[in-house]
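Beneath this line is the structure, given in structure tokens, with notes to follow.
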Amino acid sequence: LTTDSRPLFRGTPHATPRFRLATTTALHAFGPLVQSARKTHPAAFPRSAPCPMPAARPTVWTDVVLHPDALALLQAQSRLIGPSVVPVPAVDRLATLPEADAAIVTSLFPGNAATFARAPRLRVVARTGIGYDNVNIADATAAGICVLNTPDAPTESTAEFSIGLMFAVARRIATADIHAKRGIWKNDAATMGFDLAGKTLGLVGFGRIARRVAEIARTIRMRVLACDPFVAPEIFQQAGVTSCATLPDLLRESRVLSI
């Protein structure tokens with residue numbers, strides 16, 4: 001569910017990536033979403049198992065640490081519950097899940113048959129990130145639950161983290177930090193590192209994150225190469241990136257490599 005660029009979730013890119021809602025009435029679309037899913041996947045959403053979505057304000061369970069903007073938007077459209085909203089004992093973080101019509105979850109959510117059996121009202125599970133390996137799709141389908149993810153959510157944060165690591169390695173920032181704390185002052189090549197400007201960055205794969213890494217790298221005057229046999233030549237051209245036909249070609253020319 002994506003729309004504007006406002007980040008609605010805060011925290012580290014691994015724990016709480018950004019999540020966006022389509023409109024302020026997005027939660028009211030959960031019911032129609034299930035009805036639509038029934039048309040395309042009738043076996044997964046049998047009409048003999050009616051969708052118990054409420055007519056007005058649904059109950060949304062979440063274990064995501066929500067940004068204040070997300071809190072305000074969700075609370076205006078739903079009854080919001082869950083361990084990140086009202087702290088619960090660690091012994092059972094799912095205690096209020098049986099009340100939920102929909103859930104917005106992190107990668108720590110145990111999306112399996114046992115969990116879904118505890119939540120007969122649940123009809124939508126939305127993952128705040130790309131992967132949903134913690135949600136068993138077969139179990140969700142059997143329970144009549146639609147699973148969503150947010151593939152664009154962590155693109156920016158992951159790309160920035162990649163660029164940050166490049167600077168840390170190239171400029172020996174960790175080593176310099178340790179030396180400074182110990183009162184050791186050096187300006188030799190092993191400590192000072194090298195400039196990234198003018199160097200060649202090689203990208204293994206050229207998907208969403210790699211394209212954003214390339215965009216940032218070009219602003220610091222790096223030459224960018226990429227190897228991805230599944231990407232059309234015009235995509236490389238539009239990004240100002242040189243395509244390498246083989247991985248050995250890429251490795252041969254790159255000073256910095258990002259996978």
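Values reported hereafter were calculated over all heavy atoms of this structure, with side chains retained and with hydrogens, waters and symmetry mates removed.
Not a single donor-acceptor pair under 3.5 Å links the side chain of T158 to the backbone N or O of T155. With D195 contributing its side chain and A197 its backbone, the two residues share no donor-acceptor pair below 3.5 Å. Distance alone, capped at 3.5 Å, is enough to place a donor-acceptor pair between the N149 side chain and the I130 backbone. Side chain of T200 to backbone of S254: no donor-acceptor contact under 3.5 angstrom is found. Side chain of S243 to main chain of P233: no donor-acceptor pair is present (N/O by atom type, distance under 3.5 Å, no hydrogens or angles). With hydrogens and angles disregarded, no donor-acceptor distance shorter than 3.5 Å links the side chain of R123 to the backbone of A102. At distances below 3.5 Å, not a single donor-acceptor pair connects side-chain atoms of D139 with backbone N or O atoms of N112. At distances below 3.5 Å, at least one donor-acceptor pair connects side-chain atoms of S157 with backbone N or O atoms of P154. Within the 3.5 Å criterion, the main-chain N or O of N187 finds no donor-acceptor partner in the side chain of T191. With D101 contributing its side chain and T59 its backbone, the two residues share a donor-acceptor pair below 3.5 Å.
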Side chain to side chain contact (heavy atoms under 4.5 Å, CB included) between W61 and L80: does it pass, once the steps are laid out?
-> CA-CA 6 Å; W61 184 97; L80 197 59; over 6 Å; no

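Between atom OG1 of residue T115 and atom CG of residue L122 there is a gap of 10.0 Å, rounded to the nearest 0.5 Å. Rounding to the nearest 0.5 Å gives a distance of 4.0 Å between OG1 of T96 and CD1 of I81. Note that CZ of F109 is 15.5 Å distant from OH of Y132, once rounded to the nearest 0.5 Å. Summarising the geometry, atom CD1 belonging to I216 is positioned 15.0 Å from atom CZ belonging to R211; distances are rounded to the nearest 0.5 Å. The OG1 atom of T242 lies 10.0 Å from the CD atom of Q237; values are rounded to the nearest 0.5 Å. The CD1 atom of I220 sits 10.5 Å away from the NZ atom of K199 when rounded to the nearest 0.5 Å.
Side-chain contact between L148 and C146: present, with at least one pair of heavy atoms (C-beta onward) separated by less than 4.5 Å. The shortest side-chain heavy-atom distance between R121 and P98 does not fall under the 4.5 Å cut-off. Side-chain contact between E156 and R212: present, with at least one pair of heavy atoms (C-beta onward) separated by less than 4.5 Å. Considering only heavy atoms from C-beta on, V105 comes within 4.5 Å of V125 through its side chain. Two residues are said to be in side-chain contact when any heavy atoms from C-beta on lie closer than 4.5 Å; L196 and R255 fail this criterion. Counting only heavy atoms from C-beta outward, the side chains of P58 and R79 never approach each other to under 4.5 Å. When side chains are defined from C-beta on, V135 does not count as touching I145, because their heavy atoms never get closer than 4.5 Å.
Sparse packing is recorded around CZ of R218, with 12 or fewer heavy atoms of other residues, nucleotides or ligands lying under 6.0 Å away. Crowding of R118 atom CZ: a count of heavy atoms from other residues, nucleotides or ligands under 6.0 Å exceeding 12. The number of heavy atoms from other shown groups lying within 6.0 Å of CZ (F116) is above 12.
Here the closest non-hydrogen pair linking L250 and A226 is CD1-N, 3.9 Å. The shortest heavy-atom contact between M192 and R171 is O-NH2, 3.1 Å. Taking each heavy atom of V147 and A140 in turn, the nearest pair found is CG2-CB, 3.6 Å. Across every non-hydrogen atom of T219 and E215, the tightest pair is CG2-O, 3.2 Å. In plain terms, the two heavy atoms of T128 and T106 that are nearest each other are OG1-CA, 4.1 Å. Looking at every heavy atom in both residues, G129 comes nearest to T150 through N-OG1, 2.8 Å.
Under the 4.5 Å side-chain heavy-atom criterion for grouping Ile, Leu, Val, Met, Phe, Trp and Tyr, F167 is connected to L203 within one hydrophobic cluster. At a threshold of 4.5 Å between side-chain heavy atoms, the hydrophobic network of Ile, Leu, Val, Met, Phe, Trp and Tyr places F194 and L201 in one connected group. V169 and V224 are assigned to two separate hydrophobic clusters, defined by single-linkage of ILVMFWY side chains at heavy-atom distances under 4.5 Å. Cluster membership for V213 and V256, using ILVMFWY side-chain heavy atoms within less than 4.5 angstrom, is shared. Note on V241 and V204: separate hydrophobic clusters, where clusters join Ile, Leu, Val, Met, Phe, Trp and Tyr whose side-chain heavy atoms are under 4.5 Å apart, directly or indirectly.
Considering only residues two or more places apart in sequence or on other chains, F236 meets the ring pair (Phe, Tyr, Trp, His ring centres under 6.0 Å) condition with F206. E253 is linked by a side chain to side chain contact (heavy atoms under 4.5 Å, CB included) to R223, L225, counting only residues two or more places apart in sequence or in another chain.
Inspection of the N134 and S107 side chains reveals no N or O donor paired with an N or O acceptor under 3.5 Å.
The hydrophobic cluster analysis finds I173 isolated: no Ile, Leu, Val, Met, Phe, Trp or Tyr side chain comes under 4.5 Å of it, directly or through other members.
With T62 as reference, I104 is the one residue of I104, L71, L74 to meet the side-chain contact (heavy atoms from CB on, under 4.5 Å) rule.
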